[in-house]
J.: 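Take a look at this one; I'll ask things after.
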Amino acid sequence: MNTPPTGSAAAPEARHRRDAYVTFERRVGAPRLFATAYSTVGSSIYFALGVVAAYALGLTPVVFLIASLLFVMTTMTYFEGITLYPERGGSAVMARYGFNELVSFVAGWAILLDFLILIAISALAIGHYLAAFWSALDDAGLELAIALLVLFIVARYNYLGLAPRGRRSAALAVIDLALVLLIVVIGLVTNFHPGAITDSVQLGKVPKWSDFFFGTTVAVIAYTGIEAAANLAPEVRVKRQALRRTVGAGAVAVIGVFVGMSVVALMALPVKPGVDVVGNQASGFGTELGGRFAEAPVLGVVDALASGFAGDLLRYAVAIVATLVLSQAANAGMVGIARTTYTLATHRQLPRAVARLHPRYGTPWIVLVMFTALAALLLIPQDIELLAGMFAYGALIAFALAHLSVCRLRFKEPDRRRPFKVPFNVKLRGGELPLPAAIGAVLSVAGWIGTVIYHDEARVLGTAWMAVGLLIYVTYRSREGLSLTRRVEVPAERLTYEPEVTYGNILVPVFGEELDDDIMSTAGQLASEKGPGGGGAMIEAIYVLVVPMALPLDAPLPEQKIAEAQAALDRAERVGEEYEDVDVVTTLVRGRTVGSAIVEEARRRKVEAIVIGAEPPSPIKGGSVLGGIAGRRPQELGEVTAYVLEKAPTRVLVTAPPDVRRRGSDEPEDETRGERRVPAAPR
């Protein structure tokens, strides 16, 4: 982005750029990238363990080891792909550049199926874990009611465009990982008996090869977190060494969690003859992991390992963490659906009307309503085996296309810079073939064929889903007169223009409220103090447009929102220019959160000060977890102001809201306008 020189001479030109935008992307480092992927991957242990154990029986640890190796290979493939083309869309983006738009749509449509299944299966499992507090919640009717309630809450959360807290999500991922590893350690210490696993294994009989292969394909249900992490591609700012460490840490965490938990689970709940399980076992053997604990296997493991007061505490901890993690996974699925459909629509792979944004909330409400209804239909049978099979059908298509795309790009664009490169390459026909990606492609295709052969319902419903998607794609592109395979430019309606930005002296965020006048007046007084001989000063007035997490940052927003922002900036300019020798530049800024966008703009513009208003305090008590005020935050400071005070790289002056001034204060007030300033120490 080009920036004009700092100084008042640039102000008149910038002042009239009302249609200009600055897009702010929050940078994502290795810790958040790892937390995002693991938060979704980690959630699947709470339901995948039971389904896989129902089929793989004593070979469940072997199945998870194989699946973990496939996960590591797939992770490396995705890392190369998303760093090669840092766009949202995961395997769909890789297939777009590796092959064409038709193949890209197939990958994207398959991922939509997986996100849909993730929502349904996560919501369905929550009721079973909450049964730790009240056993009646395990009833089929209440289980369905809870799942539908979770679905409604997640849908409404995304409909309103609310953004999850990145730090809280990362903290939950750490807690989840620690809890699972604690259970593994307890199991290994108190119940170590490998014979409980190996004694039941009879190769080809217990389990049957067909069941073993199907269990292996179903195990990929654990790894949809790869796509969740891929959606962060445009925001990732990670060095090459950090990327490698992230891949290594992910591999260790996944193998430790899934292989370790499956070993402990089978030692606690071994395979026995005559145990009823989910699935169609003809061997006569089973484990309670795939029977009465199929929907809540981790809770079953804890029941078998611990008793008494300590056992109750561990059960309650598992129930609480599982509920939070599964809810977060369901939300990640809804966000993934919104982002993927929006990306498909902007590349003219789906009708653009499908991704139409809500006039008030700026979210793709039609998509959210449609997929919420579909998820509700999938919940009605309450069949976790059906959901797992359908997930494997879609995931293996996406994984196979991702691997094949990265392999093809090695020959199609051999000289393109690759911040991360899949290791273990062999020279072939003037290029390099990444062996992990090639092996991953073969295993993914073989797994998909196994799903089609061994799972009747997944074969029928998965094929129907893909057929409907292809019908929509072909019909839409044909009616629009577009090629089925060629890329189409993103519509002009997308706001991708980034203006020239002038660095100013004072940054003033405005919010379209009465306090804006006081804030601009305070800034005007400070700026005018430089006097005529100082060449004047500039006020950089910004209005932060919050873009919902369901959308890319460059997505078009409702005209009503933009008009309100423009009106607030126009008023701020009029107030600021009342002061002599002060120039005002106004800019709309896009960001995920208001506070982080303000801080980033202050850092980027190198301003001398920030003048901001203090929002009225929340009436809610009980700390920030409940939405109230926590810690040492002054009562007159709202969340945004407190964040700016803590993170800003320069001096911050806070103008107290009117209701605070009316309550009275012992602090000294400005004699000219009655404003109380709370300066922060320079950073």
Side-chain angles (χ1 to χ4, degrees), residues 30 33 37 66-111 220 223 226-227 229-234 236-248 250-251 343 347 349 395-449 483-490:
L33 187 63
I66 295 172
S68 296
L69 295 176
L70 176 60
F71 171 79
V72 173
M73 291 185 286
T74 305
T75 299
M76 291 190 291
T77 291
Y78 270 74
F79 268 67
E80 177 169 329
I82 67 175
T83 54
L84 191 63
Y85 292 101
E87 303 174 17
R88 287 184 178 85
S91 58
V93 172
M94 290 180 254
R96 173 173 295 116
Y97 292 101
F99 294 96
N100 55 50
E101 288 294 274
L102 178 59
V103 179
S104 170
F105 175 79
V106 171
W109 193 250
I111 286 300
V220 301
Y223 308 136
I226 301 176
E227 285 289 338
N231 275 325
L232 295 175
V236 173
R237 299 293 184 274
V238 182
K239 295 181 179 179
R240 183 175 300 183
Q241 291 299 324
L243 278 174
R244 292 174 179 172
R245 288 195 297 269
T246 303
V247 173
T343 301
H347 285 88
Q349 294 170 302
L396 289 167
I397 291 176
F399 291 170
L401 291 178
H403 288 301
L404 291 172
S405 299
V406 166
C407 289
R408 191 164 192 266
L409 284 168
R410 285 292 189 90
F411 297 91
K412 187 178 180 181
E413 299 181 4
D415 299 326
R416 188 179 180 90
R417 181 178 177 273
R418 287 169 168 79
F420 178 86
K421 194 173 183 180
V422 176
F424 307 112
N425 301 278
V426 295
K427 298 288 185 180
L428 182 66
R429 295 184 179 180
E432 286 185 329
L433 178 68
L435 288 180
I439 295 171
V442 172
L443 292 178
S444 297
V445 171
W448 182 80
I449 293 174
S483 167
L484 295 181
T485 57
R486 291 182 181 177
R487 291 200 296 272
V488 180
E489 292 294 328
V490 176

J.: Does Arg408 reach the main-chain N or O of Gly98 with its side chain, forming a donor-acceptor pair under 3.5 Å?
T.: yes

J.: Counting N and O atoms only, with roles assigned by atom type, does the side chain of Glu101 sit under 3.5 Å from a partner on the main chain of Gln349, one being a donor and the other an acceptor?
T.: no

J.: Mind checking the CE-NE2 spacing from Met76 to His403? Nearest 0.5 Å is all I need.
T.: 9.0 Å

J.: So which atom in Val406 and which in Met94 form the shortest heavy-atom distance, rounded to 0.1 Å?
T.: CG2-SD, 3.9 Å

J.: Show the nearest heavy-atom pair for residues Val103 and Asn100, with the distance to one decimal.
T.: N-OD1, 3.0 Å

J.: Show me the donor-acceptor pairs, under 3.5 Å and distance only, between side chains in residues 426-440 and residues at least two apart or in other chains.
T.:
unit_1	atom_1	unit_2	atom_2	d
Glu432	OE1	Lys421	NZ	2.6

J.: Check the pair Asn425, Arg410 against side-chain contact (heavy atoms from CB on, under 4.5 Å), reporting the backbone distance first and the verdict last.
T.: CA-CA 10 Å; Asn425 301 278; Arg410 285 292 189 90; 2.6 Å; yes

J.: Which salt bridge (charged side-chain N to carboxylate O under 4.0 Å, His left out) pairs, counting each pair once, include a residue from residues 66-79, with sequence neighbours left out?
T.: none

J.: Would you say Ser104's side chain and Ala92's backbone share a donor-acceptor pair under 3.5 angstrom?
T.: yes

J.: Please examine the side chains of Leu404 and Phe99, heavy atoms only from C-beta on, and report whether any two atoms are closer than 4.5 Å.
T.: yes

J.: For side-chain contact (heavy atoms from CB on, under 4.5 Å), just list the numbers for Phe424 and Met73, CA-CA rounded to whole Å, side-chain angles, deciding distance to a tenth of an Å, and then say yes or no.
T.: CA-CA 11 Å; Phe424 307 112; Met73 291 185 286; over 6 Å; no

J.: Measuring from atom OG1 of Thr77 to atom CD1 of Ile82, what distance do you get when rounded to the nearest 0.5 angstrom?
T.: 11.5 Å

J.: I need the minimum non-hydrogen distance between Tyr78 and Ser91, along with the two atoms involved.
T.: OH-CB, 3.3 Å

J.: What distance do Tyr97 atom OH and Glu413 atom CD have between them, rounded to the nearest 0.5 Å?
T.: 9.0 Å

J.: Quick one: OG1 on Thr74 to CG on Leu443, what's the gap to the nearest 0.5 Å?
T.: 8.5 Å

J.: Which atom pair, heavy atoms only, marks the closest approach of Arg418 to Pro414?
T.: NH1-O, 3.7 Å

